[in-house]
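Notes follow the structure.
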Amino acid sequence: QSTVYRAGTLGRRPAVPCDFAELERLAKRASSAEAWAYVAGGAGEGRTMRRNREAFDRWAIVPRMAAGAVDRDLSVELLGARLPSPLLLAPVGAGALMGRDSDLAIAAGAAATGTPYILSNQGCNPMEECAAAMGGTPRWFQLYWSKDERLVDSLIARAERIGAGALVVTLDTTVLGWRPQDLNLGSLPFAKGLGIAQYTSDPVFQEIVAERAGQPRERPRITLGAIRTLLAMSRNHPGRFWANLRSPIPRASVETFLDIYSNPGLSWEHLATLKRRTALPVVLKGILDPDDARRALEIGVDAIVVSNHGGRQVDNAIAALDALVRVREAVGPEPVLLFDSGVRTGADVFTAVALGADAVLLGRPHLYGFALAGAHGVAEVIRNVLAELDLTMALSGARTIAEITRERLRETGR
Ligand code: FNR
């Protein structure tokens with residue numbers, strides 16, 4: 001990674017800022033208020049999002065001297081594949097809020113660095129096109145469990161056909177969290193038909209839409225939460241509220257999507273069917289409790305992503321890094337644990353790996369890189385994080401990722 005560093009010291013200005021604060025500031029400037037609320041926003045009062053960062057501050061790296069870490073090897077073996085580093089790009093839905101063809105660009109930026117991209121079920125380009133943009137770089141597919149089991153099978157079959165390296169099932173978003181920033185602006189990307197490309201490109205989904213068109217519509221269940229949401233939207237931004245109801249995507253597709261994209265009744269019985277349904281490695285994303293982690297391992301999943309969805313789902317939830325420590329202690333050294341929520345820098349990757357993560361997912365930072373400079377911006381964000389990880393390893397005496405162990409950290413204040 002010394003190339004990044006050398007380019008910087010030789011006076012070449014990067015396409016995106018090398019520090020997260022400036023990256024975030026410029027990405028905000030480049031975004032509409034609606035895009036920024038959705039992408040940067042968190043659940044409720046934003047406490048989980050803040051806590052994700054504060055948790056990193058409670059751990060300090062203790063550099064070791066004269067350890068001869070001249071050549072570093074950042075590569076890892078993960079679910080049967082050799083990866084150039086322990087970094088993957090997290091699945092992000094509705095990225096097109098930040099620019100056109102977001103998933104094609106992110107896929108290309110990831111591929112330029114050999115970094116796997118986890119294609120979101122709520123993506124803005126069909127997974128087949130994203131896979132084509134990635135060449136031989138690993139792509140995984142992230143699934144939201146539909147109420148319609150036929151759609152679950154169809155999406156899994158498509159993931160298999162694009163050569164996905166794993167199927168990631170996200171558990172923490174069976175309903176969308178309380179997102180006041182979006183509500184205040186009256187902007188709901190999915191209601192506008194943004195982020196439904198995996199659905200509209202799916203033959204089974206099209207059949208379901210057609211079937212429903214021939215049937216009387218299910219009466220939607222009206223909950224108190226839904227009424228409050230609608231009232232808040234119509235009161236604060238009546239213009240946008242009505243605009244949301246008009247959409248360039250056929251209304252029937254959007255409605256079917258909203259009805260079936262997620263199954264709030266998702267249970268361990270559903271998840272136990274996964275290993276029978278696919279030969280792909282199965283990863284469960286969004287686990288925070290040690291008992292849930294044990295349960296996941298009991299049904300034979302191949303890996304877990306410890307994550308609180310970047311603080312977007314439950315306000316005042318446990319910091320993902322604190323959950324990582326607890327889950328690793330509970331499951332022991334063997335099970336494959338991935339981690340996300342709050343990773344911003346190479347030092348953060350180092351810290352998460354030291355606390356037991358086999359690999360780490362980067363969420364908002366790669367979207368900010370995309371917002372500023374498309375595929376190139378994504379690749380630069382990745383290179384910057386990896387350059388800092390590499391330097392941190394050099395300065396801490398770790399030659400390999402396996403050498404980044406818990407002994408290299410102290411809780412601050414001790
Ligand atoms: C997400 N995330 C997400 N996760 C998922 O499994 N499927 C999805 O479609 C999305 N969509 C999504 C959109 C946007 C705009 C964001 C910011 C996040 C969560 C994502 O995969 C990851 O867990 C977090 O982003 C990690 O936290 P940081 O790195 O953003 O703090």
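Indexing begins at 1, ligand by ligand and atom by atom, following the structure's order. One-based numbering along the sequence shown.
- Under 4.0 Å from any atom of ligand 1, one finds heavy atoms of residues Tyr38, Val39, Ala90, Pro91, Val92, Gly93, Ser120, Gln122, Gln142, Tyr144, Thr170, Lys285, Ser307, His309, Gly310, Arg312, Asp340, Ser341, Gly342, Arg344, Gly363, Arg364, Leu367.
- Judged by the 6.0 Å distance and 45° axis criteria, Arg312 is positioned over the aromatic ring of Tyr38.
- Checked for salt-bridge contact, Arg150 and Asp202 miss the test: no charged N lies under 4.0 Å from a carboxylate O.
- For Tyr199, the side chain to side chain donor-acceptor pair (under 3.5 Å) partners two or more places apart in sequence, or in a different chain, are Asn121, Gln122.
- Atom CZ of Arg82 has more than 12 neighbouring heavy atoms from other residues, nucleotides or ligands inside a 6.0 Å radius.
- Between the side chains of Asn308 and Thr48, no donor N or O sits under 3.5 Å from an acceptor N or O.
- A cation-pi arrangement is absent between Arg139 and Tyr117 under the rule of less than 6.0 angstrom and at most 45 degrees off the ring axis.
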